Number of protein chains: 2
Amino acid sequence: MKEIEKRLNDNGVRPTAMRILIYKYMAEKEIAVALTDIENVFAKADRTTLYRTLKTFEQKGIVHQIDDGTHISKFALCEPGCNCELEQDLHLHFHCTNCDETVCLTEQKIPHINLPDGYVAEDANLVLKGICEKCSG
Amino acid sequence: MKEIEKRLNDNGVRPTAMRILIYKYMAEKEIAVALTDIENVFAKADRTTLYRTLKTFEQKGIVHQIDDGTHISKFALCEPGCNCELEQDLHLHFHCTNCDETVCLTEQKIPHINLPDGYVAEDANLVLKGICEKCSG
DNA sequence: ATAATCAATGTACTTCCGTTGCATACTTAA
DNA sequence: TTAAGTATGCAACGGAAGTACATTGATTAT
Ligand SMILES: [Mn+2]
Ligand SMILES: [Mn+2]
Ligand SMILES: [Zn+2]
Ligand SMILES: [Zn+2]
C-alpha cells in the first residue's frame with residue numbers, strides 16, 4: 001500500500017484514507033469507472049467527496065477522463081509515467097454495447113490525422129463500440 | 001423547398017411544417033446543433049416536439065448524432081446517400097474549444113484500427129479538439 | 001502545547017439535459 | 001364522415017454534474 005501513498009505524493013495529492021481507497025479500487029478494477037460506480041462501492045462516503053477526488057486525480061495526472069459516448073464520464077488510472085496531454089500518449093477506448101463496460105486499450109494509439117488548413121488539434125478522443133472480448137468469448 | 005419534402009418522404013418521414021423548418025435550419029447551418037440550439041430558434045414550438053423530431057430524423061437516417069465530449073448531444077444532417085451505420089462512412093468530428101462549435105469533417109474518414117483478439121468493433125467515434133479554422137484565422 | 005491556517009470532507013441545494021406519460025390536435029384512409 | 005393513426009403540446013421525472021457554505025481534520029508557527 002505504500003506504493004499508492006507514494007504515487008499520490010509524487011503527484012502532489014495528499015494521501016488521505018479515502019483517496020487511497022479509491023485509488024486501490026480503481027487499480028483492482030480493470031475497466032473504467034463512473035462516479036456512480038464509486039458511489040455504490042463507498043456508500044458511506046459523500047458523493048461530493050468522491051466527485052472531487054476524481055477531479056483532483058484528474059488535475060494531477062493520476063487518472064484520465066474518458067468520454068465513451070454514453071454521456072457519463074468514466075475515469076481510469078493513468079499508466080505510470082504517462083502524460084495524457086501529449087498527443088502520442090493518447091490511446092483508444094473500447095465501449096462494449098453488451099456489458100456496457102469501457103476499457104482502455106493502452107497499446108492502441110490514436111493514429112495521426114491530417115486536418116484541413118486552419119484546424120489545430122490539441123486533443124483527440126477515439127472510441128470504438130462493439131463487443132468486448134469477455135462478451136464475444 | 002420541394003427538395004426537403006422529397007428528402008423527408010424518401011426516408012419515410014412525413015414532411016410536416018415543423019420538420020421542414022428544422023431541416024432547413026440544419027441545412028443552412030454548417031455546424032452541428034444541439035437540442036437547445038433548436039429550442040432557442042423555434043421558441044414557440046414545444047421542446048418535446050423538437051426532441052422527437054431529432055430522434056425521428058436520426059432513426060430514419062436523416063441526421064446523425066454526434067458525441068463531441070461535451071456531454072451534450074449534437075446533430076448534423078447526413079450527406080445525401082450516406083449510410084452512417086457502415087464503418088467506411090464514418091467521418092471524424094472537430095470540436096473547437098474556443099467557440100465551442102462542432103463540425104463534421106466528412107472528408108476525413110476514421111482510419112481502420114486493429115483490435116486485440118476478441119474485440120469486435122461495430123461503430124467508431126473520433127473527435128479532435130482544438131482550434132477551428134474560423135478561430136485560428 | 002496552543003493557536004492560527006490551510007486542506008479535506010460533509011450537507012444541502014441547484015441547474016441542465018434527456019426522457020416519458022398522457023392529453024389534444026391534426027392527417028389520412030376506410 | 002367516421003375511425004385510426006400520427007404529430008404536437010403539456011407536464012412531470014430522473015440522472016448526472018456542479019457549487020456554496022459549514023464542519024472537521026491535519027500542518028505549521030508561535
Ligand atoms: Mn484510457
Ligand atoms: Mn458528422
Ligand atoms: Zn462486454
Ligand atoms: Zn472555433
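What's counted below: heavy atoms across the whole structure, side chains too, no hydrogens, waters or symmetry copies. Not measured: the values here are computed from a predicted model.
For R47(A) against dG18(D), a side-chain N or O and a base N or O form a donor-acceptor pair under 3.5 Å. The base of dA11(D) sits within donor-acceptor range of the side chain of T48(B), with an N or O pair under 3.5 Å. No N or O donor and acceptor, one from the side chain of R52(A) and one from the base of dG18(D), sit under 3.5 Å apart.
Rounded to whole Å, atom P of dA17(D) lies 15 Å from atom CG of D46(A). In this structure, K60(A) places its NZ atom 10 Å from P of dA7(C), rounding to the nearest Å. Taking atom NZ of K74(B) as the reference point, atom P of dC16(C) lies 16 Å away to the nearest angstrom. Taking atom OH on Y51(B) and atom P on dG14(D), their separation rounds to 16 Å, with Å as the unit. Across the protein-nucleic acid pair, L35(B) atom CG and dG18(C) atom P stand 6 Å apart, rounded to whole Å. Atom P of nucleotide dG18(C) and atom CZ of F75(B) are separated by 7 Å, given to the nearest angstrom. Look at CZ on F42(B): it is 17 Å from C1' on dG9(D), rounded to the nearest Å. Rounded to whole Å, atom C1' of dT9(C) lies 15 Å from atom CD of E39(A).
Nearest heavy-atom pair, D67(A) versus N125(A), reported as atom, atom and distance to 0.1 Å: O-ND2, 3.2 Å. Among all heavy-atom pairs drawn from L50(B) and E39(B), the shortest one is CD1-CA, 3.7 Å. The shortest non-hydrogen separation linking P111(B) to L126(B) is CD-CD2, 4.4 Å.
Between Q65(B) and R14(B), the residue anchored closer to the 5' end of DNA chain C is Q65(B), taking for each the nucleotide with the nearest heavy atom.
In this structure, T36(B) does not reach the dC16(C) phosphate: none of its side-chain N or O atoms is under 4.0 Å from OP1 or OP2.
Shown here is N40(B), whose CG atom has more than 12 heavy atoms of other residues, nucleotides or ligands within 6.0 Å.
Among the atoms of the strands shown, only primed sugar atoms or phosphate atoms (P, OP1, OP2) are found under 4.0 Å from some heavy atom of R19(B). Here T16(B) lies in heavy-atom contact (under 4.0 Å) with sugar-phosphate atoms only. Heavy atoms of K55(B) sit under 4.0 angstrom from primed sugar atoms or phosphate atoms, though from no base atom.
There is no path of hydrophobic side-chain contacts, each under 4.5 Å, that joins I72(B) to F57(B).
For T49(B), taking side-chain heavy atoms from C-beta onward, the closest of the listed nucleotides dA16(D), dG9(D), dG10(C) is dG9(D).
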